[in-house]
Structures are given as structure tokens and as C-alpha cells.
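Here the structure is laid out as C-alpha cells; the discussion comes afterwards.
The figures here come from the full heavy-atom set of this structure, side chains too, leaving out hydrogens, waters and symmetry mates. Quick note: residue numbers are just sequence positions, from 1.
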Amino acid sequence: MRLWVGALLVFLCAASVRAESDIELLNATLVAKFHFAEVARDGQMVGAYQVSFRNNGDTPVRTISLLLNPGLQFDKVVGPGGKTLKLTSRVTPVTGMRPLELNVAELTLPKSLRKGESRLEIVVHYRGYLEDLSVTFPGLEGIKETLSPDFTMIRSGSFGYPVFSAPEQNAIIKAWDHKPFYQVAFLDIPGTNTIVGNLDVARKTTNGEITTFEMKSERPTGLMTLAIGPYQIQQQRFVTTATLGQPIDLIAGIAGDIEKRATQLQSTIGGRTVRKALKVVELPDGFAAPYERGLLFVQPNREDPFPRIPHLGDRSRAAVVMGTAFGLWQINPTNEFEHWASGLDGALFALLWVEPSSLSAMVNKEFPNWKAYFSGNPEVAESALVEFPSMQEDFMMSRASILAFLALHELLGSDDFFALVRGLRAELSVGYVDMQTVADYLDQHIKNRKARKFAENWFSKGRIGKDMAKAGSFEELVALYR
């Protein structure tokens, strides 16, 4: 599958390549106590990872694989009713990632878990130290944390808590890209360091030399990534910065750029959907972590200071700023094609970031593929956007919806279009909404007769295929309604 706006539409591109395991994690709680040490093997953590999951695959599941850092060992796994489940584990090479070795456990579930059955909850007890993985496989260079008192991280990249995956490269990549879910962490750490990551500090208490952090995600989030170090926190309106010591000009500049872009977004498309601030976090030399929604790690002393942002071709400072700021306004945070706002998010990102001439060229370049698709799928061509999900054409609904909103922008003009968007987002960004609700809103609030006719034909009447057959370019499509 190709997306016509290419790598710039990060949120849609990420969704297009996501291929998840049949095991879906629903919520998780990590409880861990730490002893930090300069020498890796002298460090110690004791953890319990309570997680509920279900099987989304057609094949019943009786055994699952769990992965841990090779310095950690499995103690036991407790299932429903407090029963200890059968578990075998050993440190073994990872297929496709040699010489990387991980502690691999094969866990036998109390019964076969079938698709559609209720969730199963287990608690994985484990202990040990974190081994530096940065020298074990190309691509893991920045995953070098041990349980150092100066700085460490708890994340799936270093397998600091159990990762549900087979010990094979593609399976691990899919597991790391698991769709967002609710997570909590209770971490006891010695010393005065603080914690910054994709979970927020809900509560902090100190007892002697031990500080307990209660971390929570207010919304579903990707696998927890938590940095532990002597962070200095500064809060602005839209951005929170976390630096290790003295303020850093690069991070302050990025935060300022994001503040400016966020202010523009607020004025143009209305209120943000995520109330908490976006975090810009410094990493020490040698460390790296990928971008996550709402969390941008920066390596100030590198020539290329930004993390590897999947599927974002342009990694300039301006592109990174726009991509991170827009995440606070994205209505469809999990990048699901079937979500009613996938097309609106995509169209807005393109309109607000891509130069008009470049955007027009992108759309026109893709137009022949559109025409070929609709001519080859007459049932879809005769359907309205409100009917697409029931036809299991979620991906095409997303693309058609992007095109529809871009056409409405041309027909209405920027001022009227963004006024429409502000009202639509304010009224429909919370609660249950489907494409029929969007169609009704457009019909009620578009005053321009020609633009309303276009919205009616595409969202409600199923004229997409007929219009596409008549048009040879995006401009010709818009001209049908001028």
C-alpha cells in the first residue's frame, strides 16, 4: 500500500505498516524496585509485570513467548486464581538479530485462548540486572542502559520488562509497535533522580533514601518508555522540557519552535485533543530512543540530534516540529483507518505543512492509481463514505476522506474551510462519532451550495466513482463543482 502524501503523513504511514501480533495487550502495571550500581552486574531490579491480554487471531493460543534482557531472569508467572503457570526459559540467540541473545520464556496458559474470549490476566515476576545491548546488533546502538545511578531507562527496547514476542526479528519489531493501551508503573528508586517518559508522574513520595514514583497514562500509549536521571523540568504552555543539568540551547529552541507552531494550530483548527504538554527530553551521549506520540527525545551532542521517526523522510527541524506539535491536535491518535477522523487528520496535516504546489503535485501523481482502483472495484465506486467501513474498505475510506476534505478546502477557500473544521472538531472530537455523523454535520453547516453538493455526493450518495471517472486530475475533480 502507498499513501499519496508519502512519508510526511507520519500518522497514516505508521498505521499502514503496523502488523500486530495476535496477542493484544489491554492494560499493564509494572511494579519494580531498583538498586543502582556503576558496574552493570552489580545493579539489581525486582519486578512484577501484571498484564491482561486477549487473542485476536483465528488460531487458539495455548503457549506464548516472553522476552527479557539477558541479565534478567524469570522467577514465576502467576495466572488466574493465584495459580503458578508452567514456564520454561533460557538465554538464546534471536533469529535475524545475531549475536543478540535474550532470555526467552515459553509460557503455557491454563487453557487455550480463543478469539473473542474474555481477557486473560497474568503476573510475570522477574529479577536481575540490565545488560547493555548496544553492541549486540546493528540498530540497537542507542540501547545501552544498565542500572547506572547516573542514568538508565526502562523500556521495551532493552527488554527491561517482558515483551510478548517470539525471539525473531520481525516479531519483535511488531511487538515494539504494539497499538496504544493503558499502562501504570510503581517504581522505587534510590537517590534523587526523577523519571520522564510516555507515562506521567501521578504521585511521588519519599521514604528515607527511596522515592516511589506512580506513573500513569491518561490515554492509551505505546509500550512504556521511562528515562531515569537528574532531570531539570521546565513547563511552558504546550511543551515540557527535561534536561540533564544545564539548560541546552538546542532543546530550548525546539521547544520554542513547537510553542509557536502549536499556537498557530490553536488559532487555525481550534482546541487540541491532548491536554497534557508535549515532552522534549534530553538523552545522554550514546543513547537513542524513537519518537513517540507526545514524547520527543533529543541527543544534543549529535550532528543529527533527532530520533529515528518511523516513515518520516524529512527529518529537518521544521518537519520534526510540525510532526510533534500536530500530535496534540490529532483526533485519531491510534492511526486506525476505520476511524472517522483519519481522513481529516491527514488532510489537515497536508494543508498545514505541505506547500500548495507540492501538495497538488502529490495528489495529481496519485490520481491514476485512484482511477484504476475505482474502475476495478465498481461496488466501492458506487458507495458513499458512510458505507465504506461496512464493506471492509477502511483503508480506501481513509484515502477517499483525505481527498474529500482537500476538495472541500478548494471549494470553500481557506477561511471558510478552517472555520468549518474548527466547529467540526469542537463538536465531534469527543464521544461516539461515525462517518454518518460527519456527513450530517457537513450538510448542516456548509453554506456554499456547490461545496455542500460535493460533500453530499461523496459522503452520502456514492458518487465518488462517477466523479473520479470524469476527472483526470485533482483540479478537474474540483472543477466539476465550481
Query raised in the report: With a cut-off of 6.0 Å (strictly less than), are more than 12 heavy atoms of other residues, nucleotides or ligands near CD of Q234?
Result: no

Query raised in the report: Does a side-chain heavy-atom distance below 4.5 Å link E38 with P149?
Result: yes

Query raised in the report: Would you say M153 and I228 make side-chain contact, with heavy atoms under 4.5 Å?
Result: no

Query raised in the report: Should the ring pair F151 and Y231 be called parallel, tilted or perpendicular, given that the plane angle runs from 0 to 90° and is split at 30 and 60?
Result: perpendicular

Query raised in the report: Would you say the side-chain atoms of T95 pair up with the backbone N or O of E168, donor to acceptor, closer than 3.5 Å?
Result: no

Report summary line: In I233, D200, T324, the residue satisfying side-chain contact (heavy atoms from CB on, under 4.5 Å) with K279 is D200

Report task. Kindly indicate whether the side chain of T146, heavy atoms from C-beta on, has any atom under 4.5 Å from the side chain of T152. Result -> no

Query raised in the report: Rounded to the nearest 0.5 Å, how far apart are CG of N193 and OG1 of T211?
Result: 9.0 Å

Requested in this report: Evaluate the criterion salt bridge (charged side-chain N to carboxylate O under 4.0 Å, His left out) for residue pair E121 and R119; output intermediate values, then yes/no.
Outcome: CA-CA 7 Å; E121 183 174 280; R119 66 181 64 189; over 6 Å; no

Requested in this report: Starting at CD1 of I189, measure out to CD1 of I210 and round the result to the nearest 0.5 Å.
Outcome: 8.5 Å

Query raised in the report: Under the side chain to side chain contact (heavy atoms under 4.5 Å, CB included) test, which residues partner R62, sequence neighbours left out?
Result: T108, S112

Query raised in the report: Cut-off 3.5 Å, side chains only: do S52 and N27 have a donor facing an acceptor?
Result: yes

Report task. Output yes when a side-chain donor or acceptor of N377 lies under 3.5 Å from a complementary backbone atom of Y373, and no otherwise. Result -> yes

Report task. For the pair W329 (side chain) and G270 (backbone), establish whether a donor and an acceptor sit closer than 3.5 Å, ignoring hydrogens and angles. Result -> yes

**Report entry** Exam field: side chain Q299 to backbone F287, donor-acceptor pair closer than 3.5 Å
**Finding:** yes

Query raised in the report: Is any side-chain heavy atom of L120 less than 4.5 Å from a side-chain heavy atom of P110?
Result: yes

Query raised in the report: side-chain contact (heavy atoms from CB on, under 4.5 Å) with F74: which of T88, V104, L68?
Result: L68

Report task. Working to the nearest 0.5 Å, report the span between CG of L295 and CZ of F297. Result -> 4.0 Å

Query raised in the report: Can you check whether Q44 reaches K33 side chain to side chain, under 4.5 Å on heavy atoms?
Result: no

Query raised in the report: Taking N198 for the side chain and G222 for the main chain, is one N or O donor matched with an acceptor at less than 3.5 Å?
Result: yes

Requested in this report: Going by the ring-ring contact (aromatic ring centres under 6.0 Å, His included) test, name the single residue among W353, F349, F238 that passes it with F326.
Outcome: F349

Query raised in the report: Within a strict 4.5 Å, meaning less than it, do heavy atoms of the L30 and I154 side chains meet?
Result: yes

Requested in this report: Using the side chain to side chain contact (heavy atoms under 4.5 Å, CB included) rule, take T437 and Y432 through it: C-alpha gap first, then chi angles, then the decisive distance, then the call.
Outcome: CA-CA 9 Å; T437 310; Y432 175 76; 5.5 Å; no

Query raised in the report: From N103 CG over to Y126 OH, what is the distance, rounded to the nearest 0.5 angstrom?
Result: 12.0 Å

Query raised in the report: Do E101 and T136 have side chains that get closer than 4.5 Å, going by heavy atoms?
Result: no

Report task. Verify the neighbour count for atom CD of E117: are there more than 12 heavy atoms of other residues, nucleotides or ligands below 6.0 Å? Result -> yes

Requested in this report: Ignoring hydrogens and angles, tell me if any N or O in the side chain of R41 forms a donor-acceptor pair with the backbone of Y129 under 3.5 Å.
Outcome: no

Report task. State, to 0.1 Å, how close S217 and L199 come at their nearest heavy-atom pair, and which atoms those are. Result -> CB-CD2, 3.6 Å

Query raised in the report: Can you find a pair of side-chain heavy atoms, one from F36 and one from L147, that are under 4.5 Å apart?
Result: yes

